Amino acid sequence: MPDRRSPSSSAGRDFLRQIIDRDIAAGRYDGVITRFPPEPNGYLHIGHAKSILLNFGIAEEYGGRCHLRFDDTNPETEEAEFVEAIKEDVRWLGFDWGEHLYHAADYFGQMYGFAEQLIRNGKAYVDSQDEAAIRESRGTVTEPGIPGPDRERPVEENLALFRGMRDGAFAEGEYVLRAKIDLAAPNMLMRDPILYRIRHASHHRSGDEWCIYPMYDYAHCLEDAIEKVTHSFCTLEFENNRELYDWILDELGFEEPRPHQYEFGKGLINYTVTSKRKLLRLVRGGLVAGWDDPRLPTLTALRRRGVPPEALLAFWGRVGVARADARIDVGTLEFAIRDELNRKAPRVFAVLDPLKVVLTDWEPGRTRDLDAPYFPHDVPLEGSRTIPFSGELFIERGDFSEDPPPGFKRLVPGGEVRLRYGCIIRCVRAVRDRKGRVVELHCTHNPDSWHGELGSGRRVPGTIHWVPAAEAVPCEVRLYDRLFSVPDPDAAAAARGEESTFLDFLNPDSLEVREGALVEPSVVGDPRESRYQFERTGYFWRDPVDDSAGRLVFNRIVTLRDVWSRRGAGLGKGDGSRAAEGADRQPRPQERRRPEPTSPGTRRRLPDELQVRADELVRRFGLTEVDAEILARDDERSRFLEAAAEAYPEPGRGPESGVALANWIIHELPRVRDGRALEHLPFGPAELAGLVALVDQEAISSSAGAEVLAVLAREGGEPAEIVRRLDLFQMRDADSLEHVISSVLAASPGKVGQYRGGKEGLLGYFMGQLMARTGGKADPALAARMLKDRLRGESAEEAARDG
RNA sequence: UGGCCCGUCGUCUAAUGGCAGGACACCGGUCUUUGGAACCGGCGGUGGUGGUUCGAGUCCACCCGGGCCAACCA
């Protein structure tokens, strides 16, 4: 196992951890500080768990810390009630913020001070335009905004007005504080964003101390900076906000090391919704029983349902994190839950839809105590309970069939089945009521088939669970299923038309209550929070809200995997399986959304003056149209090309070298440039020309050339000198190459065989080995040719020999 | 539509110019006193077209597809 904390083993880790690895390697921070910054205006859901896990988990991994910070900058929507609920959810997931519990509201004083500083620096102004006017003057994505009348207000006046705002001299909406950035910025957020607004509202934490409240963009970066957060993770939709985040911190003089924002993709889950708005509609609309309705994806609901927090952690760990939103199949979640529970939950018997069985050959009054292990052979946990067995018991109605489908392995008239941990019984008669419904089964038992006794090895096709009629405990069982009947309710609504909403796709069977269920008596004495597997049915626990001393209520956490019902062969909906839902449970992959086969497309036409320039580049340097256009659009690079062509050593200067130079400028230069203006690079066109000439003359390979370029970009210098210093001259001596090739092939005889077997991709592997062994100096074209010959030649030899 | 971002098996995710790998799902098998679990095997992918390179999922260009931004929300 590679050391997960070692920066040198970044490969394979997610991009956030790679960023931290990089920063640590560069010595940028003393330690890692992250934060989880919920707004206390609603309940946390499973998507937040990803963020919690990332922030707290990463901090833990790097020996740093994670702050829990309530981003409470909007007094109108936030409530103390949510603060407590969120804390409970985070704790439930197993994380601890220690003393690092913060509120944005605690920084309002400092934030106010920074705002005055911005005003004094001429970077913010008080605007008297109303909301509509501000929106109007901000322009659109295609048109720049126009400055409002207050934009050039003098500093002193801004200061006075801003203090007036703070002191409550104005009504809501009368004034706002705006950053003075750029009304024409392509990023709409940079068009003089609002920093403060007036709200005469009581804040859940600061009460009536303030009547101006900071906006998210202004507040969040300052919160991070004040807390000395190093890595500020948020979701993708905040990408555009990063520019403003940096602007504010830079303008306020926060110097490195300071926080930086990185965005990751959200994880959406099929068959549910997580947006606050939609959750609210479900709850307010009474479509679910509350925020903790076990069908909801809120953490409080998942907790009530019985999902172990470890399963959520495992789930998100398995899903991973990337820079794109993900829509995850619920199957992945269900797997994580089952995987966790399978290893820990004791097995017990419960019958959800009871059918009475009478053993007609059972000695009246006799009872036999059966010892039933809590765990199957493959779960390394100990323990057992006793279940009393006598002549009357209940089995699952779905475990009996008078008209069994092919492959049915349970009880049929005249057939045998094993009672788990009991004996084999045979069905002799089905007793019916007046309506013809089977109400009771008369069976006989085989006294030589008791579990654990001699003769018990006899095999019958099926084994079913059961409960004793006299001792079984009545209970209510709630079977939860996915809330929606389609994977993406929003998309389904959009596809259906304007009138449709996500609510049209609620699954009518998302909750099924079994009032007449029976559970074995052993569970009565167990701790309430015990999680069980009801054998052959699913994982359950007692509902923490409705279960009480006088009433046993179980929630189904998740079903068992069930290949029988999945086949659609199972008929018994009555056994609590998902049989009847059959085919649509596993939606067939939708049609592949293949883009249309490409047409050449319409290339954007170059403006005339650039076209002239491009034409000239084609003529002078023999460039392709495409390359010429790239350079024609880029004044900086085309001038660089011209100067480099001028500097190219005399013999060889011409169209051919022009093409080579253009290739380097277009393909290699951007890699090493690191955002710098070309004139600020520590080397110039002449050095590039010298470098390209060395490659053209085949003194060095192109990969060595790239290496030289990297050095040039880092520290400047003279190409030929760098080549000498690094000893990059090409290795073109056939004997030496032959020697290296032999050692490469000898080192991996298996791969040689595979290559000859047709796996030609291995050529790249061999080349890589060869390059590594020659320090990148081998002439690649020559080496590749020789390598191919060798691989082919020897195989021909072998073939000849073998044949 | 201007800007920014993202396209790898059905889904999620690795490969940091050098063997396209893993997980879930699916299919088949072994085992089984849970139609569970476990184990073995199989199916299956770089959106497209050009270019750079000895070598491209990775770099460049264009096209196609998707997401975000025009709240005094976060």
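Because the structure is a prediction, the values reported are computed rather than measured. Numbers restart at 1 for each chain; the letters A, B, ... are given by sequence-line order, proteins then strands. Atoms considered below: every heavy atom in the structure, side chains included; atoms not considered: hydrogens, waters and symmetry mates.
A donor-acceptor contact under 3.5 Å links the side chain of A:Gln533 to the base of B:rU34. Contact annotation: side chain of A:Arg338 to base of B:rG36, donor-acceptor pair absent below 3.5 Å. At a cut-off of 3.5 angstrom, counting only N and O atoms as typed in the model, there is no donor on one side facing an acceptor on the other between the side-chain of A:His465 and the base of B:rU34. In the interface, the side chain of A:Asn240 is paired with the base of B:rG3 through a donor and an acceptor atom under 3.5 Å apart.
In terms of position along RNA chain B, the nucleotide closest to A:Arg327 lies nearer the 5' end than the nucleotide closest to the other residue of the pair A:Arg327 and A:Arg637. When each of A:Pro186 and A:Asp72 is assigned the nucleotide of RNA chain B with its nearest heavy atom, A:Pro186 is the one assigned upstream, toward the 5' end.
With a cut-off of 3.5 Å on both Watson-Crick or G-U wobble distances, the partner of B:rA61 is given as B:rU49. Nucleotide B:rU1 is matched to nothing when pairs are restricted to Watson-Crick or G-U wobble geometry with both distances under 3.5 angstrom.
In this structure, A:Asp378 reaches the bases: a heavy-atom distance under 4.0 Å links it to at least one base atom across the strands shown.
Out of B:rA14, B:rG67, B:rC19, the shortest distance to the side chain of A:Asp14 is found at B:rA14.
Here the P atom of nucleotide B:rC59 and the CG atom of A:Leu669 are 16 Å apart, to the nearest Å.
Neither OP1 nor OP2 of B:rA70 sits under 4.0 Å from any side-chain N or O of A:Arg191. Side-chain nitrogen and oxygen atoms of A:Arg536 include at least one within less than 4.0 Å of the OP1 or OP2 phosphate oxygen of B:rG35.
Note: A:Phe36 and A:His48 have perpendicular aromatic rings, judged against thresholds of 30 and 60 degrees for the angle between ring planes.
Evaluation of A:Trp564 against the base of B:rG35 yields a stacking contact (centre distance < 5.5 Å, interplanar angle < 30°).
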